[in-house]
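Just so we're on the same page: letters track the sequence lines, and every chain starts at 1.
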Amino acid sequence: MLSKLNPPQREAAMYLDGPCLVLAGAGSGKTRVITSKIAYMVRECGMEARNIAAITFTNKAAREMEERVGKLLEGGQAKGLTVCTFHALGVRIVRQEAKLAGLKPQFSILDSSDVMQIVADVAGNKDKGVVKAVQWAISSWKNALITPDEAVKLVTDESTALAAKLYPAYEKTLRAYQAVDFDDLIALPVRLFDEHPEALERWQNRLRYLLIDEYQDTNGAQYKLLKQLAGVRGAFTAVGDDDQAIYAWRGADVKNLYALQTDYPKLKLIKLEQNYRSSNRILNAANTLIANNDKLFEKKLWSEHGMGEAIHIVAARDAEQEAEMVAMKISSHRFEHRANFADYAILYRGNHQARLFEQQLRNHKIPYVISGGQSFFDRAEIKDITSYLRLMLNADDDLAFIRSITTPRRGIGAATLEALGSYAGQRHIGLFTAAFEEGAGEHVASRQLESVREFCNFINKLEYRALREPAAQVLEDLLRAIGYEAHLFESCELREAESKWSNVRDFVEWLGKKGEADGKNLLELAQTVALISMLNKGDEATDAVQLATLHASKGLEFPHVFLVGVEEGMLPHQSSIDTDTIEEERRLMYVGVTRAQRSLTISYCERRKSGKEIRTVEPSRFIAELGDGLKHSGGKKAEPVSQEDALAKLAKLQAMFSTPPKT
DNA sequence: GCGTGACAGGATTCC
DNA sequence: CCTGTCACGC
């Protein structure tokens, strides 16, 4: 179990005498260390799996880790092991301790669009810029565990002043809805543990050893939660890489990495610098690039692999040509090297960049999948369905009420809801409750009120059945009753509707199976749905080029990587240039570069559309920072990349390989 | 007055 | 892809 580890990895896996920080460079086998350590604790040290928790930042990472631990442990050994995201752990704590947190156990979890809506409501202002600024300020305060009272003292400018003024009203609204936002999932447990030591003790007893992945991405609240749970013994291992800290914008603070040393003077520091992923050419470029950042921990990646291929830098005329070129390069490279489509990844800064590449890949008949991006549960069609579940579970959830009563349309619109809302507001009750009160008739026209009540009765009946009948059956009936399939096909293009409907089918099937497996009814399932991942039914089974944002690519690796749109203004992003946060952008570039195993192609456009005008853009400063060992091509002078030439070359190659490449 | 669908234009990054 | 605006029908 430990024999496959190198000396520092083994040391990290076996060290249990106190708090431990593993500085794990990209591709240095950190997941292997965490999973081996869990196996070591269970198999060699007699610890019970149920007393160990491994915390990750993404569901994907949690799933992967669970899978890999499963392989190292036998039969029932892994039973009760906690492998989840910080937020999922938070949900568990708040749900179990709901009473202490002043919530009912069926509280709703709001996503960012719900939150924006509430902020807009309490602000009485729909201006997106204002709403975003307020939401951001409140979120940062929550991430730093700052209460509304304290926030007032921290006002720095107009926008934070407004945020501080609205913060109490925002919190009040959440409580009225019996709802929490994402930040609450961390902040509430922390406050709860502060105020109720006996609850903290319960959880310390349950989770006696913690392993934290991607520690550089923790925010203040998460770090505090870790400190609380780990207690004075400091029973934890944190694994992280300060060079891959790319989430400062959502409250993460690399300083938490350094703070460990002062907060735990006995902290054991272990560095993993041997890379098992990339060629030395790629590692050298990555090292050279990241040396431009100020750092506290020095780290230099090396590997036993050879130098490998040169890194290609390619200039494209514009974004269309860039996408076309990448598609062609993948096509021909795949023939030449008899590789799989899945060996290629296209990485970019922003989601919207994917579109052109999708188009071109389709043109070239290259299969692709977009990983990351929106989570399954953020998709409109899934949110439509879950809003019904949320409402059944929690009649105070006005946002779920509004979404479900208006999707599909049933003749109730903004005006009716506003009228009902103003009455509910006066009475300090939820919309659902308000609809059944006599007084509502004074605000809402009787015809509209009738349809609102009809809707509420429908929900009540459904809830009654949801408690008694199998989940899948109730869901099927719900979909039929609201005519959701027809709604999709009426409101979307055929292809889009088909894909959405198939997502809904997947969702129903998954929930039904889960209900049977866990013996839970629909409402019990709905409670956990918001944070569970059901992705990856078979994405590894299909051979397809991977498209991902740089953020979503963290933790992944690919034989051949195309890093696209590497221009000033894109990477580094313009807003980061404006706010002087270039270092994080450089780390983003670093993450991209270190995803590559064998070949790396970096491309940029010479011109890019922005609005109506076409502007000339500069290649990113980061390209120059990669050092030498780069091979420039493309552009006007070097190597013509006309479509005809490339297609001719491709045709020739295809003729040479009369047999299709192995898959 | 209210509810709905069509269309264009602008887009950081995500639990 | 999501939002804001506009025109249309009840």
Side-chain angles (χ1 to χ4, degrees), chain A residues 55-62 84-91 109-113 115-116 120 126-128 131-132 136 139 142-143 180-186 214 217-219 221-222 245-252 347-356 358 370-380 383 405-419 444-445 447-448 451 487 490-493 496 500 530-533 548-554 565 569-579 581 584-585 587-589 591-592 608-612:
Chain A
I55 311 297
T56 63
F57 272 84
T58 63
N59 285 311
K60 205 171 175 183
C84 65
T85 63
F86 254 113
H87 291 87
L89 177 65
V91 174
I109 299 164
L110 307 183
D111 65 22
S112 59
S113 62
V115 164
M116 297 272 258
K126 280 190 217 136
D127 184 275
K128 252 179 75 186
V131 171
K132 240 181 153 175
W136 185 81
S139 171
K142 286 195 178 187
N143 286 333
V180 302
D181 60 25
F182 274 120
D183 305 318
D184 282 333
L185 293 177
I186 314 296
E214 308 280 8
D217 291 333
T218 52
N219 62 38
Q222 287 162 334
I246 53 175
Y247 286 102
W249 54 272
R250 65 171 202 214
L347 307 180
Y348 38 79
R349 177 69 231 261
N351 278 310
H352 62 279
Q353 289 172 266
R355 234 180 110 185
L356 283 173
E358 286 187 74
I370 301 182
S371 79
Q374 266 195 325
S375 110
F376 187 80
F377 290 96
D378 287 338
R379 302 181 116 114
K383 284 180 71 171
I405 204 171
T406 54
T407 334
R409 296 272 161 206
R410 41 170 70 79
I412 295 158
T416 305
L417 288 172
E418 221 159 275
V444 186
R447 247 224 342 252
Q448 326 276 26
S451 24
H487 161 73
E490 276 160 27
S491 57
C492 312
E493 297 279 336
E496 207 189 343
K500 287 185 170 189
L531 289 174
I532 295 178
S533 86
T549 63
L550 287 164
H551 284 90
S553 77
K554 192 161 71 157
M570 295 287 272
L571 180 66
H573 192 270
Q574 188 56 46
S575 51
S576 300
I577 298 174
D578 296 341
T579 55
T581 47
E584 176 143 316
E585 297 286 306
R587 290 191 289 267
L588 209 42
M589 175 86 178
V591 166
R608 196 174 273 280
K609 255 194 278 202
S610 93
K612 272 172 203 148

Original post:
When the nearest nucleotide of DNA chain B is assigned to A:Leu417 and to A:Glu585 on a heavy-atom basis, which residue is associated with the more 5' position?
Top reply: A:Leu417

Original post:
Looking for any heavy atom pair under 4.0 Å, which part of the strands does A:Phe57 touch: base, sugar-phosphate only, or nothing?
Top reply: sugar-phosphate

Original post:
Passes side-chain hydrogen bond (donor to acceptor under 3.5 Å, both in side chains), A:Ser139 versus A:Asp183? Steps please.
Top reply: CA-CA 7 Å; A:Ser139 171; A:Asp183 305 318; 2.9 Å; yes

Original post:
Stepwise, does the salt bridge (charged side-chain N to carboxylate O under 4.0 Å, His left out) test hold for A:Arg250 with A:Asp217?
Top reply: CA-CA 9 Å; A:Arg250 65 171 202 214; A:Asp217 291 333; 5.7 Å; no

**OP:** Step through it carefully: locate the ring centre of A:Tyr247, locate the ring centre of A:His551, and say whether they are under 6.0 Å apart.
**Re:** yes

**OP:** Grab the CG-C1' distance between A:Leu588 and B:dC14 for me, whole Å please.
**Re:** 13 Å

**OP:** Identify which nucleotide among B:dC14, B:dA11, B:dC15 has an atom closest to any side-chain atom of A:His352, counting heavy atoms from C-beta outward.
**Re:** B:dA11

Original post:
To the nearest angstrom, how far is A:Ile370 atom CD1 from C:dC1 atom P?
Top reply: 8 Å

Subject >> Minimum-distance nucleotide to A:Gln448 side chain [options: B:dT13, B:dC15, B:dC2] >> reply: B:dC2

Original post:
Atom CD in A:Glu584, atom CG in A:Leu588: separation rounded to 0.5 Å?
Top reply: 7.5 Å

Original post:
Less than 5.5 Å between centroids and less than 30° between ring planes, does A:Trp249 satisfy that with B:dT13?
Top reply: yes

**OP:** May I have the distance from A:Gln353 (atom CD) to C:dC1 (atom P), rounded to whole angstrom?
**Re:** 15 Å

Subject >> Length of the NZ-P vector between A:Lys554 and B:dC15, whole Å >> reply: 11 Å

Original post:
Between A:Arg608 (CZ) and B:dG10 (C1'), how many Å, whole number?
Top reply: 14 Å

**OP:** Using atom CD of A:Glu358 as one end and atom C1' of C:dC1 as the other, report the distance to the nearest whole Å.
**Re:** 11 Å

Original post:
Taking only side-chain nitrogens and oxygens of A:Thr416, does any of them come within less than 4.0 Å of OP1 or OP2 of B:dG3?
Top reply: yes

Original post:
Quick one: A:Tyr348 OH to C:dC1 P, roughly how many Å, whole number?
Top reply: 12 Å

Original post:
A:Ile109 CD1 to B:dC14 C1': how many Å, rounded?
Top reply: 16 Å

**OP:** Using only side-chain N and O atoms of A:Asn351, determine if any of them is under 4.0 Å from OP1 or OP2 of B:dA11.
**Re:** no

